[in-house]
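Okay, so here's the structure we're looking at.
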Amino acid sequence: MIRFILIQNRAGKTRLAKWYMQFDDDEKQKLIEEVHAVVTVRDAKHTNFVEFRNFKIIYRRYAGLYFCICVDVNDNNLAYLEAIHNFVEVLNEYFHNVCELDLVFNFYKVGSPGAEGARSPWPREPGPPPAGTSALAHCLPLQVYTVVDEMFLAGEIRETSQTKVLKQLLMLQSLE
Amino acid sequence: MSDIVEKTLTALPGLFLQHQAAGGSGVPRVSVSSRLGSLIRSITALTSKHEEEKLIQQELANLKATVSAPGTTLDLQSTNLVEVCMALTIVSQIFPREMIPAVLPLIEEKLQHSKEIIRRKAVQALYKFHLIAPNQVQHIHVKFRKALCDRDVGVMAASLHIYLRMIKENPSAYKDLTGSFVTILKQVVGGKLPVDFNYHSVPAPWLQIQLLRILGLLGKDDPRTSELTYDVLDESLRRAELSHNITYAILFECVHTIYTIYPKPELLEKAARCIGKFVLSPKINLKYLGLKALTYVIQQDPNLALQHQMTIIECLDHPDPIIKRETLELLYRITNAQNVSVIVQKMLEYLQQSKEEYIIISLVGKIAELAEKYAPDNEWFIQTMNAVFSVGGDVMHPDIPNNFLRLLAEGFDDENEDKQLRLYAVQSYLSLLEIENAFYPQRFLQVMSWVLGEYSYLLDKGTPEMVLTKLYRLLMNKSTTSETKTWIMAAVTKLTPQALSSKTVEKIIQEFSVSLDTCMRQHAFELKHLQENVELMKNLFLVDKSCEDLVVDASLSFLDGFVAEGLDQGAAPYKPHHQRQEEKLSQGKVLNFEPYGLSFSSNMSSSGYTGRQSPAGISLSSDVSGNSAETGQKETNSLKLEGVKKLWGKEGYLPKKENKAKNNPELQPVPQDSTLMENVDQMMIKKEQSQALHHSEEEAEKQRLASTLFVGLGSESAVSLLGKTDTVSHKFRRKSKVNDTKNRKVTSAHNINCSSFSPLSNAPYEDNNHLNNFQDKGDTGLKKCSLGSEFLESSLKSDSLTELDLVENLSVCNLSPSSLFEDNSMEIFHPPQPTLSSSATEISLTSSLLEELNEHVHSDLVELCNNEMITVSSCKIWKDDSLLLVWMVANKSNLELKSMNLEITSTENFKILEHPGFSFPVIEAESTTSIQHCVQMEKPFTEEGLSGYVKYQMEEDPCIQLEFSLTISLLDFIRPMKICTEDFGKLWLSSGNDVKQNVKMPDSQANLPFALKTLQQKLRLHIVDIIGNEGILACQLLPSIPCLLHLRAYAGIVALWFRSSCSTLPDYLLYQCQKVLEES
């Protein structure tokens, strides 16, 4: 089962933190730092898995962001690795219209919509994110939390069908 | 819901989706008036758990208030979909347990909702509840089933989370669902789901994985259930075409399942091939998982490791540490006496580079374990342990140094060997301490000082003086902690008698007599006084007697004279703590009817001053001494007191101060470094050299390494067929008597099959003779076996069989006829299920039952339920080690009954083990058959109903189900404990929880023999001894919690005094005793 999900940038700034286990604040901060330390030192040629305390972390890097899921040792590594990817694909799809994701992640210049094939998945390029975007990339919009909640709930993978997640998200949005 | 809430809820999604750009970015902030909206935002955005909880609690209080008001439920129902969705999402987040009852009905109701998304979220919320409070959702298990059968795939998938958890806890309760899970998986694999569920054109991969896990849990050790899954597993393997990560995820799970369930050779073969693909993959993730899979299956199939040995060698030097780690884990599992040194060396190399505490702890533990099991010689063992202590330092598990010291102290079978090992240890430590400025962890220093104190007498050359100097230097070292100092001080004290009038000792005494550390000062004074009485000291510190049992007069009877003198001079008699409390409590009452205090002093004259060690004696002398002795005894259980000699003797108070000096050596050894460093240096050099060498030589090197690593693997030799149970071939086999006896008490009908084999796996039966022998024995075993597997239960009590037991047990071994050792096939690894033919079973059953009934105390046969066709009755057999329930099902009709099934509903308080081979699918006309369940208690309880049902089918009629229940009380698990008075005394002192009570009895019957007899007959207590008007009794709660009773009868009153290591047991027994005594 998932213990927590973290999205951090290379500098260790937390973009998203979702906890499925009770930790107190100090512990959370410590975990965030430890995860960053453990994950960022790893080479691109290394596995996407790393042992972490009594758990393990499955992580994947997209541009400058590390998506980390901390799970139990007996869980299926690849299933969670792909769950991350699935999540990223949904984000990509969902933010496509408003290009928010583009802003936040700064993957694509504003105004280069469409071109589905080119968009996903993002290359795992290790270079630093383009300059001048730090203000924009300061915080993930709250919607990302909504997406997380649609896809992961109570420490389990809840919904894996991209179409369904998007439908649900659009429904929520339509009531705005 | 109230209007405000209604409105806010409507406004909520908008608010929710509003930008919330913290940190002052350009996005405009919207003032949020919505309660729920802000709630959701807070929950999702907050990082503080505490705040979240507070918030939710607040919200829920409001929610509860609104929904409990009349008419509001209707409102809630009318709110729109999104709002309900939101609410359910919140519920599935961090949620306070105590609020569950408030929302549970609402959520249950949502299970019927017409929209799948709502049903699904409701199931998810229930899953969350199940996680945090499984008891509270127990009653809705039926609804889970409904969710599992939901027409919508999403709802079904959500329910699987709950099922996975429940099945993990209790697989046997859900075996009937196997078929459904298989069908679902078949449909998924066959692509019957909507394309929505596809991920990279693989149908619902996560769902598949979930199902595979469930099937693995269900099929584990269960051939019948496994049988059902073979087809679909095969299909899954076939369908998962290797192209994408996600198919590998499915394959990995598939392989895992195949190796978990009851094996089928063809599937295993395919799975092995699949593992090969993983291992050989150029993709690093897959290679890693391949290693992981290998690690998992290696015990079943060591040949697989041989096939991939070159890959494994390469992975040993892989740049990614996690791959290295996994490789070491793999090697750890294939370690044997031949390859141990290479593997341990590799592990030590890894340790040198690792800084992660968790990794160090686990790896150090493994090295210590391997070293102890397979050490090729003394030097290697000591060196390896030195490395372990140096690296593991103060983070390692304290068992490691403790076990090591115990091993040294207790020694092995060969006296000479022991000496050499100890001598080597001493020498090695001395040379380590020789090194200037070397730093050793505190635990290692503690180990060293204990060993030096105990065994430096073995040195030929060099005097104790030399050792003392080294210890002195350590004592003066600033980095030595005060705990370690007490260890060193203890060592110095032990060495003092061997080095009379040593200057170093004088120096130490001087130095520490003025120490600010009170503990050290105390030790110094003790040493000083001891030194003045050389004879006493020599008697105290005998050489090489650390393992001798202490003889301690725990009752302090030698002080009785002193006490008597005090009493004569008018001192008040000592009252034990509980008595004082009792008196304090009764002070408020007008009259004190408890004559205990009075009789106390009168007894003093009758049995005081004798110094005998019965609890009666103790109760008469001071309880303070009893208590101090108690703590002393507790400590002897651990290693802590080793090295302490006789402190108290009948002739008097021997060593006063030494007591402390020795207690303090709280063992927690510590490590060394230099040889290790040397090793490492050498390794480094070697490495550098080898790097400089040509590629071909590197290859050759790897080949060589492979041959050393994988030596002794493979089918021709015995890598312990049953996994790592190696006991026989240990180089250093601990004598741990304590553990053995403890283990022996553990029994479970299921374990027996495997445990009785385990010692065999180590016997070196490479040649056929051995095999044949074994088979012969097995055959005879089988014959006996068919008489009734009850025999097994009673004869195979021991988990950890000693070699002696082994021979005996072999003859009754429960070998399954399925050619266990005819071929070296996989079946070996699974506890065999006896497959006796049903008719044989029946015959054997009745006969064994009869024997059983005669052999053991049992209750009468009680009829539980009946109808015109059958009668079900039951009988409890109070076996020595368990409670056996026998259910007799009598077929009264003249027709054959089919599909008979008797199921017991599981509860968390019991563990119920069905005796294998006692199922009875068919009952012939007018015959009776029986089934037995061995019941073990999981949690103490006073009384609990055990319910179950019998199902049967007659000809083609539908199944008929008959329910019954039976009450089981704690008394069913109480057995007499046959111990002698002396043991009783010891146990009495070491038992903490006591309860006292006076029970009034009718005058005519208030005599001791009567009370004792009543208790013996009605409660099955064992009468240990009777002394005058006092009696002591003992019993135990299965499996092995003792409870002791001291009983005194006088003047129509029986004073009961219970003691037990379990806190609730005395109370319960007191209640029962009171009941039977007052009834009588």
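Order of the sequence lines sets the chain letters (A, B, ...), proteins ahead of strands, with each chain counted from 1.
- Residues of residues 197-208 of chain B that come closer than 4.5 Å to chain A, counting heavy atoms only, are Phe197(B), Tyr199(B), His200(B), Trp206(B), ordered by residue number.
- Summarising the geometry, atom CZ belonging to Phe49(A) is positioned 10.0 Å from atom CD1 belonging to Ile284(B); distances are rounded to the nearest 0.5 Å.
- Note on Arg53(A) versus Glu356(B): no salt bridge recorded, every NZ/NE/NH1/NH2 to OD/OE distance being 4.0 Å or above.
- Going from atom CD1 of Ile322(B) over to atom CZ of Arg42(A) covers 6.0 Å, rounded to the nearest 0.5 Å.
- Contacts of Lys283(B) with chain A are absent, with no heavy-atom separation under 4.5 Å from either backbone or side chain.
- Contact annotation: the side chain of His85(A) never approaches that of Ile246(B) to less than 4.5 Å [non-hydrogen atoms, C-beta and beyond].
- Heavy atoms closer than 4.5 Å to chain A are found in the side chain of Lys292(B), but not in its backbone.
- Taking CD of Glu150(A) as the reference point, atom CD1 of Ile117(B) lies at 6.0 Å (rounded to 0.5 Å).
- Interface with chain B: from residues 75-82 of chain A, residues Asp75(A), Asn76(A), Asn77(A), Leu78(A), Ala79(A), Leu81(A), Glu82(A) qualify, criterion being any non-hydrogen pair under 4.5 Å.
- Under the 3.5 Å distance criterion, the side-chain polar atoms of His161(B) are matched with a main-chain donor or acceptor of Ile157(A).
- Across Ala157(B), Ala158(B), Gly154(B), Pro319(B), the residue that shares the most heavy-atom pairs under 4.5 angstrom with chain A is Pro319(B).
- Salt bridge status for Asp320(B) with Lys45(A): absent, with no side-chain N to carboxylate O gap under 4.0 Å.
- Between Lys164(A) and Glu116(B) there is a salt bridge, since a side-chain N of the basic residue sits under 4.0 Å from a carboxylate O of the acidic one.
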| task | I would like to know whether Glu159(A) and Arg120(B) meet side-chain contact (heavy atoms from CB on, under 4.5 Å); could you show each step before the answer? | result | CA-CA 10 Å; Glu159(A) 176 63 85; Arg120(B) 182 166 177 188; 2.4 Å; yes
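- Ranking Leu131(B), Asn285(B), Val195(B) against chain A, the residue ahead of the rest is Asn285(B), based on heavy-atom pairs under 4.5 Å.
- Applying the side-chain hydrogen bond (donor to acceptor under 3.5 Å, both in side chains) test to Glu51(A) and every residue at least two apart in sequence or in another chain returns Arg325(B).
- Looking only at heavy-atom pairs under 4.5 Å with chain A, the residue among Glu357(B), His318(B), Glu253(B) that has the most is Glu253(B).
- With sequence neighbours excluded, the residues satisfying ring-ring contact (aromatic ring centres under 6.0 Å, His included) with His256(B) are Tyr296(B).
- Heavy atoms of Ile323(B) lying under 4.5 Å from chain A belong exclusively to its side chain.
- Side-chain atoms of Thr163(A) and Asp196(B) include a donor-acceptor pair closer than 3.5 Å.
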